[in-house]
Amino acid sequence: MIPPAPKKSHLKADSNFLGNIQISVCQYFPFIEDIMNGMKWDWIDLLILFSIIITVLVTIVTYEEARWVGHAVAGSFSLILMVIIMTTGGMLTGRLRRRENVRIFPLHRKVSIWFSLYVIGVFFFGLAVTASHGEPVLTSVHGLFGLVVAVLAAAQVISSLIIRNRAPLKGAHRIIGYLLAPFLTLQVIIGVYAAVIGTGREVALLHSLIGGISLLLFAWIIVEIRYPGPKSPDRAAIAGYIAALLNVIGCWIIGGYNYLTVYRGNIRGIILSGPQPWAHEIVMEAKEHIFLFLPVVSIMLALGLYTVTRDRALMEEAQIRKALIVTAGLAFFMVILMFVMGSTISNAALAAQGGEQ
Amino acid sequence: MRPSGVVRFTSYCIAATVTIFLIGLLTIVHEYSGQFRQILVSLTGHHWTTMSILTGLIFIGLIFIFSVASRSERIAEWMKADKPFLWSVLLVIVTFLMTGLNLVVYILHYF
């Protein structure tokens, strides 16, 4: 029987003491070697590093006044990683076009490992934040659901790092992966809901959730147009129609109703009498007008995608594809800007009420 | 003549760019002109509601105008209707510009 070829490793048999310890440790714990072999820094590592730094900074800055914000930021970065995993997964299964000269599987694996570690980290971070405020842990729906998501993420990362022959687990890995996407989205929604429920801001919550869904739809459109497969124009167009509808009905009409009734009748006065009146005078006053750009951009995007579905040859035009990506990117940016401005206004209202956040 | 897909696409992009420019400009004007603000309020009861309706009407109107105008090859050429990417970049620039200007106006107003 031919012995298996030795596994390639970037770890060298250094003569120094630390090098020998490193190799000894890797012999007993092969997943550490896997991690180190994968430690060739690229854009995804930088994204992770950036997200960790931002999460820590936001947590420190908002810990006293809005303790849930750091956890929410971490959840949002998890969603971004999830979109990358779904994109690379779609390329592996052939639903999306692969980029030439790019090995997708290592990228998919690396992002999946980071994602799982990040989700587990966010779960323990949430537990720590809850416990540090003297509240019981794992009693809320958000906490218990977080446990489920963390366990699924752990199952994914352990199978990726420890088990050498993963072929028999492919089906289970795929099912857990498909489950994690809606579970994580639901978990973020439950988390946001838990943060604002009972504060009289349910309409604002609905407004924000619809904005969040449209954010994912714009990201989806960018992915479909950037890596087009045979059915990409149809899927992108459906995403575009839903995003435009959500922006017009969900954000414009519901948001407008919330602004003209709940906000003007109650919250505006609270903010103006609180410690951050600028949140209304500058942020809200600007937001209510800047927001009007978003439905225009999203309707324009939906019309553009409709044009592409009517004339398939347009997808071959680099100018059109680039224009669609730029427009979807603009809509994505505008939704994030609205989120940031909306969060600033909400926090100013809570700060003025002096309540627990 | 029925315009090509590229020209139709560019017409939507131009309509969005001009709409955002006009709405951004109207916002600045209504912030400095009490009389104009009063006119907006008198139309629907709140200036924001009027601005929202105006946004929809201007956008729909401009889509119609640019779509019809681009049927003429001469006008389509003048509009650079064969350059959708250029217009999408202009859309981004105009949106950022009007967003920034609106913010500056309210910051100046506050201080």
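Residue numbering restarts at 1 for every chain, and letters A, B, ... go by the order of the sequence lines.
- Considering every non-hydrogen atom in both B:Y12 and A:G304, the closest pair reads CD1-N, 4.2 Å.
- Both the backbone and the side chain of A:L324 come within contact range of chain B, judged by heavy atoms closer than 4.5 Å.
- One distance of note links CD1 of A:I299 with CD1 of B:I60; it measures 7.5 Å at 0.5 Å rounding.
- If you measure heavy-atom distances from B:I58 to chain A, you find no contacts under 4.5 Å at all.
- No side-chain heavy atom of B:S88 sits less than 4.5 Å from a side-chain heavy atom of A:K322.
- For the options A:T327, A:L260, A:V297, heavy-atom pairs under 4.5 Å to chain B are most numerous at A:L260.
- Between A:E285 and B:H109, the closest side-chain pair of non-hydrogen atoms is not below 4.5 Å.
- One distance of note links CG of B:L91 with CG of A:L301; it measures 10.0 Å at 0.5 Å rounding.
- Contact of A:L314 with chain B is made through the side chain alone, with heavy-atom distances under 4.5 Å.
- With a 4.5 Å cut-off on non-hydrogen atoms, A:Y306 does not touch chain B at all.
- Looking at A:M341, only its side chain comes within 4.5 Å of chain B, counting heavy atoms on both sides.
- Here the straight-line distance linking atom CZ of A:F291 with atom OG of B:S52 works out to 8.0 Å at 0.5 Å rounding.
- The shortest heavy-atom contact between B:T95 and A:L330 is OG1-CD2, 3.7 Å.
- Looking at A:L303, both its backbone and its side chain come within 4.5 Å of chain B, counting heavy atoms on both sides.
- Of the inter-residue distances, the one linking B:N102 atom CG with A:F293 atom CZ reads 5.0 Å to the nearest 0.5 angstrom.
- Neither the backbone nor the side chain of B:T10 comes within less than 4.5 Å of any heavy atom of chain A.
- Contact annotation for A:E288: both backbone and side-chain heavy atoms come within less than 4.5 Å of a heavy atom of chain B.
- Taking the six-membered ring where the residue is Trp, B:Y106 and A:H289 present parallel rings, their angle staying beneath 30° rather than reaching 60°.
- The two residues B:Y110 and A:P277 make their nearest non-hydrogen contact at OH-CG, 3.8 Å.
- Contact annotation: the side chain of A:Q319 never approaches that of B:V6 to less than 4.5 Å [non-hydrogen atoms, C-beta and beyond].
- If you tally non-hydrogen atom pairs under 4.5 Å between each of A:T307, A:D311, A:V296 and chain B, the highest count goes to A:V296.
- Around OH of A:Y241, the count of heavy atoms belonging to other residues, nucleotides or ligands within 6.0 Å exceeds 12.
- Interface check for chain A: of the options B:T17, B:V105, B:T55, the most heavy-atom pairs under 4.5 Å are formed by B:T55.
- For the pair A:I290 and B:M98, the minimum side-chain heavy-atom distance is 4.5 Å or more.
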- [ ] Please assess B:V92 against A:F333 for the test side chain to side chain contact (heavy atoms under 4.5 Å, CB included), listing each intermediate value before the final yes or no.
- [x] CA-CA 10 Å; B:V92 173; A:F333 171 82; over 6 Å; no

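- Comparing A:E317, A:M300, A:R264 by how many heavy-atom pairs each has under 4.5 Å with chain B, the most go to A:M300.
- Heavy-atom minimum distance, A:A323 versus B:P84: CB-O, 3.7 Å.
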